[in-house]
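In what follows, a single structure is set out as structure tokens and then discussed.
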Number of protein chains: 2
Amino acid sequence: MKNAIGIDLGGTNIKGGLVNEEGRILAQMEVPTMAHEGPDAVCSRIARMVPDLRAKAQGGAMLGVGIGAPGPLNPNKGTIYMMPNLPAWENYPLKDKIEDKVRLPVVVENDANCAALAEAWHGAGQGVRTAILLTLGTGIGGGVLIDGRLVNGTHMSAGEVGHIVINFNGPKCGCGNHGCLEAFCGSAGIVNRAWEQLEKPGTVSILRDRIGTDKLALTPQLISEAAEKGDGVALSVLRETGRLLGVGLVSLANIFAPEVVILGGGVARAGDVLFAAAREEVKRHALPPANEYVKIVPAALGNNAGVIGAAALLLSH
Amino acid sequence: MKNAIGIDLGGTNIKGGLVNEEGRILAQMEVPTMAHEGPDAVCSRIARMVPDLRAKAQGGAMLGVGIGAPGPLNPNKGTIYMMPNLPAWENYPLKDKIEDKVRLPVVVENDANCAALAEAWHGAGQGVRTAILLTLGTGIGGGVLIDGRLVNGTHMSAGEVGHIVINFNGPKCGCGNHGCLEAFCGSAGIVNRAWEQLEKPGTVSILRDRIGTDKLALTPQLISEAAEKGDGVALSVLRETGRLLGVGLVSLANIFAPEVVILGGGVARAGDVLFAAAREEVKRHALPPANEYVKIVPAALGNNAGVIGAAALLLSH
């Protein structure tokens, strides 16, 4: 049985796991990232996890260390182009630095791509030729897999499915453009639509009782919780979010004709209301035959997708 | 030198060519399609072209016959799913029918995909890892190539880049959805924007002199000709068309990070005004680094792309 170590380098925590070739996590650990201490300190923390995880292996070959990292990076060279708000990370040679310390092959990939790879390998996209993963959170990340390979594009900057334009007259997006899928269906877009409804005089909602006049307290999670209790405002916001997400999925269905679209991330936990509205939009508006066969399903691996996908960089071929 | 026969099966004419492995057309011919006579009659016309073209080969192996056909089809089976308005073509086994008649291997592919393959093989996308072709005409077709392979998706229905949604509040599209790229930048969308301007009282334009009050006489070609003469209405319509096209290209750039986007078809002949506006939109709004490196270029092979691409199905591997 072959093994690899998967590292999910997040803004808050570094998760590490020993993963076998069946995609099972045999051991895992987590430490705070403390990215403000600079990349060399973070590399040391990653490197210290490796022997601990490796010691848990019950024999079998150790193929190396896969790292999923946020933001734009170059998987061929294993360098980070940048980390938002952290200047010391610019053009940082993550792969070389870790290889020096751990004496194992190191592979680096975008974290959303790792999650897509994990879901295609042993999650909701198993055995599928074309799969698309969207991670719905503050932003919308994603990855596209065709025949088990990530669509990487030039300079490895492809797969930014959160930044397809669904309405060029839409709200401003964090990327500078207007009307991206992320501007409508990222956390801020969802919260803004809910807030607009709450501001209308006479609106009755659990959400108003929960947050009062504090817009900053409003989150997609609160909206999901209110929807579960049958709150009308929350339900209509999630239904509209699902429909708008569906508009983006129509474009992706027409471009890729995927067998499956996998929705992960915190916002996807809103569940049935969101999924049903997205599915209806795709069924009504994607071109046949894709409108009938594209499945829209929740991610299966949850918080472990990053670690499993990072290990899959070495194990899944 | 290896050769293949490329057939471009169009709604009006069937074009055939003898093509060598350098992508050169050594001989060509053209006959009317007369699709209303039914698929068997059309197959006979295609089959009769084959020995004539084959006779022009100056030695070398004949690999077979590639056919580019419109509409949804299954390249694996070589069957046409349907031809718009022609019921007799439903689920027609084009590949088997032609193979029976010509005793050569036959390969069938979507015509827009053939054009994309041709441009990547010996046209505007040579030597490129990721290329996207859009054919701008009555509709907007297209094909996406990654590492020289067409993105086919499930049931081979991928690559419908004309049906990405750029504004869900936009005009109705022929596909039934609203706000597709094709609804804005297909012939009808362009003509409608020009007509709106011409209807405004006091508008001065060569176009009004040319067509009077006959909207049906207005075409993208007339608009391009008027723009070349400096007509203000025509120029502003083409500029807006380029910008809207650019909105769609931003989505495609963010998804695929292609090295090159190739624009073919009649509307692309509008030239610089259209291209400049599309390039500006991509430069301003696609994510870095793609916003800087994605090249937007005219197709190089013109009307021959279909024949060359159909032959490339056999020759380009």
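Letters A, B, ... are given to chains in the order of the sequence lines, protein chains preceding strands, and every chain is numbered from 1.
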Legend entry - Heavy-atom check, side chain of Phe168(A) versus side chain of Val250(B), under 4.5 Å: no
Inset, instruction - Counting only heavy atoms closer than 4.5 Å, note whether Ser251(A) contacts chain B via side chain, backbone, both or neither. - result: both
Legend entry - Residue among Thr130(A), Val161(A), Val151(A), Ile166(A) with most heavy-atom pairs under 4.5 Å to chain B: Ile166(A)
Inset, instruction - Would you mind reporting whether Arg149(A) and Ile146(B) have side-chain heavy atoms less than 4.5 Å apart? - result: no
Inset, instruction - Among Leu249(B), Val165(B), Asn167(B), Val247(B), find the one that has a side-chain contact (heavy atoms from CB on, under 4.5 Å) with Val165(A). - result: Val247(B)
Legend entry - Per-residue contacts, residues 176-191 of chain B versus chain A, heavy atoms under 4.5 Å: Gly176(B), Asn177(B), Phe184(B)
Inset, instruction - Using modelled atom types only, decide if a donor and an acceptor are shared between the side chain of Asn254(B) and the backbone of Ile164(A) within a distance under 3.5 Å. - result: no
Legend entry - Part of Ile255(B) lying under 4.5 Å from any heavy atom of chain A: both
